[in-house]
Enquirer: 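I'd like to ask some things about the structure below.
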Amino acid sequence: MNTLTRTTLALAAALTLLTPTASAAAPSTLEKGVLKIGMEGTYAPFTYRDAKGNLTGFDVDIARAVAARMGLKAEFVLTEWSGILAGLQANKYDVIVNQVGITAEREKTIGFSRPYAYSSPQIIVKRAGSFNPKTLADLKGKRVGVGLGSNFEKSLRDAGGINVVTYPGAPEYLADLATGRLDAAYNDRLLVGYLIKSQNLPVRGAGVIGKPEAVGIAMKKSNTSLKAAVDRALLQIKADGTYAKISRQWFGQDVSKP
């Protein structure tokens, strides 16, 4: 294949990627022309309300960009994390954009887009305390706060010997950690860095646990047309620089890679 042919094919592929998806078959959604998006709304910096009460965050911006690329109106449905996956199965929304970790167990019943972000779990402790755990083994016998039904809760329980205290969301257990009701908390490294930087909570990050984990947009496993459209939209917002702009705004780095 000569150089001219290769260049022509590459340009054609790029144009196909960046072509608005309106020309493609419309994906199956609960309401025509609308993408209903499930999220917590209490999980800064991913999905939360700002001082004016407006829904904002990294996942909110990603969801809006994906919906726009699909030619759909973004409609957000807020719910507690503990019931968010059940809400998807009950047709309360089309997708979940809420840092949902892609795990083998979840993939048995839930469909996922291609990964759109990576992070690692991290132990969180009081800023002024002397407790400095490096591994989950260091948390044995300690009261550790975590979101109910999250991957983080499962990891703590699998480690054994930890007094796991579950909460509906991060604000509640971080408040208890700050006041000394907990010895530690366990959550996402990106969340920890954001809180320390933006909210000046009296907490700090301790041990980072394991390898970076992939998160994806969750949807019904049977909805293959929606998965195809979401995957295409994710590729498009990366190709046109939208993803990089959003990622740098919230984290100062590209979080789309491990």
Side-chain angles (χ1 to χ4, degrees), residues 39-51 56-60 80-82 84 98-103 105-106 117-215 247-255 257-258:
M39 56 177 50
E40 288 177 271
T42 58
Y43 189 35
F46 304 107
T47 158
Y48 68 105
R49 293 195 181 278
D50 62 19
T56 188
F58 172 73
D59 281 351
V60 175
E80 289 187 354
W81 171 261
S82 58
I84 203 167
N98 200 99
Q99 293 294 292
V100 184
I102 302 173
T103 67
E105 185 64 28
R106 285 177 178 158
Y118 289 83
S119 189
S120 301
Q122 186 169 30
I123 301 169
I124 314 165
V125 295
K126 287 186 68 173
R127 182 189 301 163
S130 59
F131 185 41
N132 194 35
K134 299 296 184 182
T135 68
L136 294 185
D138 296 332
L139 298 177
K140 290 190 176 182
K142 304 293 186 181
R143 286 175 56 84
V144 182
V146 69
L148 178 65
S150 66
N151 283 353
F152 306 111
E153 180 192 357
K154 184 178 185 303
S155 296
L156 292 178
R157 294 195 185 282
D158 288 348
I162 301 170
N163 186 355
V164 180
V165 185
T166 58
Y167 293 78
E172 292 87 353
Y173 62 74
L174 290 175
D176 277 1
L177 175 61
T179 57
R181 295 188 182 94
L182 296 170
D183 300 299
Y186 195 48
N187 208 301
D188 186 280
R189 177 180 60 83
L190 296 178
L191 170 71
V192 178
Y194 168 81
L195 291 174
I196 292 172
K197 176 182 178 181
S198 67
Q199 298 186 21
N200 198 32
L201 289 177
V203 301
R204 59 184 171 84
V208 176
I209 310 299
K211 297 179 180 179
E213 298 179 352
V215 299
S247 185
R248 285 196 299 268
Q249 173 190 343
W250 289 102
F251 304 114
Q253 60 180 299
D254 183 354
V255 298
K257 301 173 183 178

Enquirer: Could you work out, with side chain to side chain donor-acceptor pair (under 3.5 Å) as the rule, every residue matching Arg106, not counting sequence neighbours?
Expert: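 In terms of side chain to side chain donor-acceptor pair (under 3.5 Å), with neighbours along the sequence ignored, Arg106 is linked to Asn151.
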Enquirer: Taking the side chain as every heavy atom from C-beta outward, state whether Tyr186 and Ile209 have any atom pair closer than 4.5 Å.
Expert: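 They are in contact (side-chain heavy atoms under 4.5 Å apart), so the answer is yes.
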Enquirer: Using side-chain contact (heavy atoms from CB on, under 4.5 Å) as the criterion, list what pairs up with Pro258, not counting sequence neighbours.
Expert: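 Here the qualifying residues are Tyr118, Pro212.
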Enquirer: With a 4.5 Å cut-off on side-chain heavy atoms, are Leu182 and Tyr167 touching?
Expert: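 They are in side-chain contact.
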Enquirer: Report the distance from atom CD1 of Ile123 to atom CZ of Phe131, rounding to the nearest 0.5 Å.
Expert: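 Going from CD1 on Ile123 over to CZ on Phe131, the span is 7.0 Å.
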Enquirer: With sequence neighbours excluded, tell me which residues meet side chain to side chain donor-acceptor pair (under 3.5 Å) with Asp158.
Expert: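 For Asp158 the side chain to side chain donor-acceptor pair (under 3.5 Å) partners, ignoring immediate neighbours, are Lys154.
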Enquirer: Please report the closest heavy-atom contact between Gly147 and Ser150, naming both atoms and the distance.
Expert: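 For Gly147 versus Ser150, the nearest heavy atoms are O-OG, 2.7 Å.
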Enquirer: By side-chain contact (heavy atoms from CB on, under 4.5 Å), which residues pair with Val215, not counting sequence neighbours?
Expert: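 By the side-chain contact (heavy atoms from CB on, under 4.5 Å) rule, Val215 matches Gln99, Tyr116, Ala117.
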Enquirer: Tell me every residue that passes side chain to side chain donor-acceptor pair (under 3.5 Å) with Ser155, counting only those two or more places apart in sequence or in another chain.
Expert: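 Scan of Ser155 (side chain to side chain donor-acceptor pair (under 3.5 Å), adjacent residues dropped) gives none.
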Enquirer: In Å and rounded to the nearest 0.5 Å, what is the CD1 to CG distance from Ile162 to Leu156?
Expert: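 Rounded to the nearest 0.5 Å, the CD1-CG separation comes to 5.0 Å.
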Enquirer: Of all residues at least two apart in sequence or in a different chain, which pass the ring pair (Phe, Tyr, Trp, His ring centres under 6.0 Å) check with Tyr48?
Expert: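 Per chain and number, Tyr48 pairs via ring pair (Phe, Tyr, Trp, His ring centres under 6.0 Å) with no residue.
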Enquirer: Which pair of non-hydrogen atoms, one from Phe152 and one from Pro121, has the smallest distance, and what is that distance?
Expert: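 Shortest heavy-atom contact: CE2-CB, 3.8 Å.
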Enquirer: Can you list every salt bridge (Lys or Arg N to Asp or Glu O under 4.0 Å) pair that touches residues 129-148, not counting sequence neighbours?
Expert: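 Every candidate salt bridge (Lys or Arg N to Asp or Glu O under 4.0 Å) pair involving residues 129-148 fails, so no pair, neighbours aside, qualifies.
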Enquirer: Using only atom types and a distance under 3.5 Å, with no angle test, would you say the side chain of Ser247 pairs donor to acceptor with the backbone of Val255?
Expert: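 Answer holds: yes.
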Enquirer: If a pair satisfies salt bridge (Lys or Arg N to Asp or Glu O under 4.0 Å) and one of its residues is in residues 174-184, list it, with sequence neighbours excluded.
Expert: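 Output for this query lists Asp176-Arg181.
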Enquirer: The criterion is side-chain contact (heavy atoms from CB on, under 4.5 Å); which residues satisfy it with Thr166, sequence neighbours excluded?
Expert: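 With neighbours one apart ignored, the set is Val146, Leu148, Glu153, Arg157, Val164.
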Enquirer: Please round to the nearest 0.5 Å and tell me the distance separating atom CG of Leu201 and atom CZ of Arg127.
Expert: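 Going from CG on Leu201 over to CZ on Arg127, the span is 8.0 Å.
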Enquirer: Side-chain contact, heavy-atom cut-off 4.5 Å: Tyr43 with Asn187?
Expert: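 Of all side-chain heavy-atom pairs linking Asn187 with Tyr43, at least one is under 4.5 Å.
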Enquirer: If the condition is side chain to side chain donor-acceptor pair (under 3.5 Å), which residues does Asn98 pass it with, not counting sequence neighbours?
Expert: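 Side chain to side chain donor-acceptor pair (under 3.5 Å) check on Asn98 returns Glu40.
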Enquirer: Got a sec, which residues hit side-chain contact (heavy atoms from CB on, under 4.5 Å) with Ala178, two or more places apart in sequence or on another chain?
Expert: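 Applying side-chain contact (heavy atoms from CB on, under 4.5 Å) to Ala178 gives Pro202.
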Enquirer: Just checking, any donor-acceptor pair under 3.5 angstrom between side chains of Asp188 and Ser119?
Expert: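 Yes, because at least one side-chain N or O of Asp188 sits under 3.5 Å from a partner of the opposite role on Ser119.
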Enquirer: Hey, are the side chains of Trp250 and Asp59 touching, using non-hydrogen atoms and a 4.5 Å cut-off?
Expert: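 Not touching, per the 4.5 Å side-chain cut-off.
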Enquirer: Considering non-hydrogen atoms only, spot the tightest contact between Ile84 and Met39 and give its length.
Expert: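 Closest approach of Ile84 to Met39, heavy atoms only: CD1-CA, 3.8 Å.
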Enquirer: Under the side-chain hydrogen bond (donor to acceptor under 3.5 Å, both in side chains) definition, can you give me all pairs with a residue in residues 204-215, not counting sequence neighbours?
Expert: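 Sorted result for residues 204-215: Asn132-Arg204.
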Enquirer: Measure across Val208 and Ser120 and return the closest heavy-atom pair with its distance rounded to 0.1 Å.
Expert: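 For Val208 versus Ser120, the nearest heavy atoms are CG1-CB, 3.7 Å.
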